[in-house]
Amino acid sequence: MIELSLNEVMKYFGANLILSNITFEIHQGERVGLVGRNGSGKSTVLKLISGLEPIDKGDMAIRKGTKIGYLEQIPNYKDGYTTRKVLNLAFKDLMEIEENMINLEKKMRNLENEELDKILKLYSNMQQRYEIMGGYEKEEKLSKICNGLKFTNEFLNKQFSLLSGGEKTTVMLGKILLENPNILLLDEPTNHLDMDSLDWLESYLKEYKGTVLIVSHDRYFLDSVVSKIVEIEDLESKTYMGNYSDFLRQKEENIKLELEAYKEQQKKVGAMENSIKTLRDWANRSGNEKFFRRAASMQKRLDKIEKVDKPNTQKQNMKLNLINSERSGGEAVKIEGACKSFDDKILFHNANLLVAYGERVALIGANGSGKSTIMKVLLREEGVSKGKVELGANVKAAYLPQNIIFKDEAQTVIQYFRDDIDILEGKAREYLSKFMFFGESVFKKVKSLSGGEKTRLKLSKLLYEDINLLILDEPTNHLDIDSIEILEDALIDFKGTIFFISHDRYFINKICNRIVALENKQLSSYMGNYDYYKIKRSELKERQEEIKEKKPKKIREINEVKKKEIETKKIEKKINKLEQEISEVDIKINSLCSDYIELSKYASQKVILEKELEGLMEEWIKYNED
């Protein structure tokens, strides 16, 4: 069943055409990725679907009764709204029913007969509606979302207004997931999530019963979650079946086919144009109208040919040529017994790491675990309380921070680049063009740059000088996929050492040959990419689960042994007591001689005692024969 469809949709912002031919459909339950370069109109498409922006031309159809969930901006909640209260707004309808049910319960205490029956019927209907809407699973749903997104009790009790922008976005993502809409519109949902939360979100969306449309630069996430890709390019959309990697393969194949078709048509057009020219030459020389008519007829056929457009195989992207410096010594980064804490929080303790020249190492870990602090310690912006953290001999490092701040934001792009660098303006502009700063864009003020532009500008200056160690903190943040792929190609060609932090698992897989995880306040090495790390982590988790299962089993076994010992001692005590009683009966029997009545009584008592003794001995054997 089709949940949503767009047909030849157009959108203008003022006089500017933003989208010219957006055509695709999404079936119920599908997970679809919406991709395209920054500024291509992806977020605008989500706004059109959500109704936040009107369509200027074309058609959009949404299945009747469909509830749409879209996180577009962070609302301002008044003072007193904790994170928990904001999340509970997802259950607004349920909470209204709860309140009505409580009011009805109060009424029922003072009613009788027909009036009571009437209220009871109303209460029953309300209860049924509450159950259908999932009211009794409300706490379970909330707990599942909070655990997955790592919302602690302390975090839930924080004032929403005091949270950071990233924290607010994550909370609103949680609220939308709790609302459980039919169509879930997600714009960069993986931003601000650590890897455990990313894995959880992927699993959650795979099991989600509704339809999901995702705008994301996280290619690993798209590979894991979606089964269809809609690409927006040159104001138009094109649909590809499969995940992101399938889309890349199909697109490359399509470009090859389109290029072949274009070349083939160009040959045909060229041949026809030559024939027309020849016929006209003959006609002019001979004055024969027949040649003119044939040339005109052929020209008509040529004009009617539907031209195949030449596919865009050359995109304007960062064309980075990293200059390889003189190589460093064998040890590029050295950490020995390092300890670091802030107040009472220990980030790492007795951490050890050696990064050799030429290695590509990804530093990963939970948000707030101390990854960026390690980078700052390496760059001597922070110190350690114990141990040693240093760069190796002859290391020339360049550092790209996660949050890029410029000292003077009133500077233009070219002024910032030339500051402290002896370079002519023409040469500077030529170099900046490699980072996609073309023409007049070099005169843009730094303060007006987008996040991606700031990253490119910072990179341009870092990479101008000779380096043999790149230290990168979330280098793919704010870059579109095309720019990330160009950066990847450049880093693959780089001959020096790369030490970087990233949540971009696709990027990690392409670049690194070793994972270093900051976990349990230690640095653990995994000789492989992210997929290898994930396998090893899964194996470790399985082993831990086995140990957990074995431990109670072992405790149970020890308890069983103790229980046997206690029971055995009890039986032995009873046996000793019975043997003593039988011995006393024997003495009585021997002393009675001819008193047959008494003898018969004690003989019967002896038989009973001996039977009881036999039973206890059987029980003792049973406990001790295993």
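Quantities reported herein were computed from a predicted structural model and do not represent experimental measurements. We count residues from 1, following the sequence as given.
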Salt-bridge test for [X] and [Y]: reply yes if a basic N is under 4.0 Å from a carboxylate O, no otherwise.
{"X": "D246", "Y": "R249", "result": "yes"}
{"X": "K263", "Y": "E258", "result": "no"}
{"X": "E233", "Y": "K42", "result": "no"}
{"X": "R505", "Y": "D531", "result": "no"}

#### Entry: Sole residue of R63, K209, K67 in salt bridge (Lys or Arg N to Asp or Glu O under 4.0 Å) with E3
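When salt bridge (Lys or Arg N to Asp or Glu O under 4.0 Å) is applied between E3 and each of R63, K209, K67, only R63 qualifies.
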### Message
Please list all pairs meeting salt bridge (charged side-chain N to carboxylate O under 4.0 Å, His left out) that have one or both residues in residues 172-189, counting only residues at least two apart or in different chains.
### Response
K175-E179
### Query
Among pairs that include at least one residue of residues 16-29, which meet salt bridge (charged side-chain N to carboxylate O under 4.0 Å, His left out), considering only residues two or more places apart or in two chains?
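Pairs touching residues 16-29 that pass the test: none.
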Are the side chains of [X] and [Y] in touch, meaning some heavy atoms are under 4.5 Å apart?
{"X": "I467", "Y": "F494", "value": "yes"}
{"X": "F24", "Y": "I232", "value": "no"}
{"X": "Q159", "Y": "T82", "value": "yes"}

#### Entry: Closest heavy-atom pair and its distance - P181, G69
CB-N, 3.5 Å
#### Entry: Minimum heavy-atom distance between V226 and G33, given as atom pair plus value
CG1-N, 3.6 Å
Test the [X]-[Y] pair against the cation-pi criterion, namely NZ or CZ under 6.0 angstrom from the six-membered ring centroid and within 45° of the ring axis.
{"X": "K510", "Y": "F507", "result": "no"}
{"X": "K251", "Y": "Y240", "result": "no"}
{"X": "K461", "Y": "Y416", "result": "yes"}
{"X": "R456", "Y": "F437", "result": "yes"}

For residues 405-414, run the donor-acceptor check on the side chains, cut-off 3.5 Å, and write out each pair with its distance to 0.1 Å, sequence neighbours left out.
{"from": "D408", "atom 1": "OD1", "to": "A410", "atom 2": "N", "distance (Å)": "3.1"}
{"from": "T412", "atom 1": "OG1", "to": "Q415", "atom 2": "N", "distance (Å)": "3.2"}
{"from": "T412", "atom 1": "OG1", "to": "Q415", "atom 2": "OE1", "distance (Å)": "3.4"}

### Task
Report the residues that fulfil salt bridge (charged side-chain N to carboxylate O under 4.0 Å, His left out) with R514, sequence neighbours left out, ordered by chain and then residue number.
E359
### Query
Residues in salt bridge (charged side-chain N to carboxylate O under 4.0 Å, His left out) with E264, at least two apart?
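For E264 there are no salt bridge (charged side-chain N to carboxylate O under 4.0 Å, His left out) partners, ignoring immediate neighbours.
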### Query
Can any side-chain N or O of D473 pair as donor or acceptor with the backbone N or O of P401 at less than 3.5 Å?
no
### Task
Indicate yes or no for a side-chain donor-acceptor contact from D223 to the backbone of S245 under 3.5 Å, with no hydrogens or angles considered.
yes
Give every donor-acceptor pair under 3.5 Å between a side-chain atom in residues 52-59 and any protein atom, sequence neighbours left out.
{"from": "E53", "atom 1": "OE1", "to": "K11", "atom 2": "NZ", "distance (Å)": "3.4"}
{"from": "D56", "atom 1": "OD2", "to": "Y12", "atom 2": "N", "distance (Å)": "2.6"}

### Query
Using a distance-only test with no angle check, is there a side-chain donor-acceptor pair under 3.5 angstrom linking N477 and H217?
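N477 vs H217: no donor-acceptor pair found between side chains.
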### Task
Would you please classify the geometry between the Y244 ring and the Y506 ring as parallel, tilted or perpendicular, with 30° and 60° separating the classes?
perpendicular
### Query
Do Y431 and Y464 have ring centres separated by under 6.0 Å?
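Here the rings of Y464 and Y431 have centres that are less than 6.0 Å from each other.
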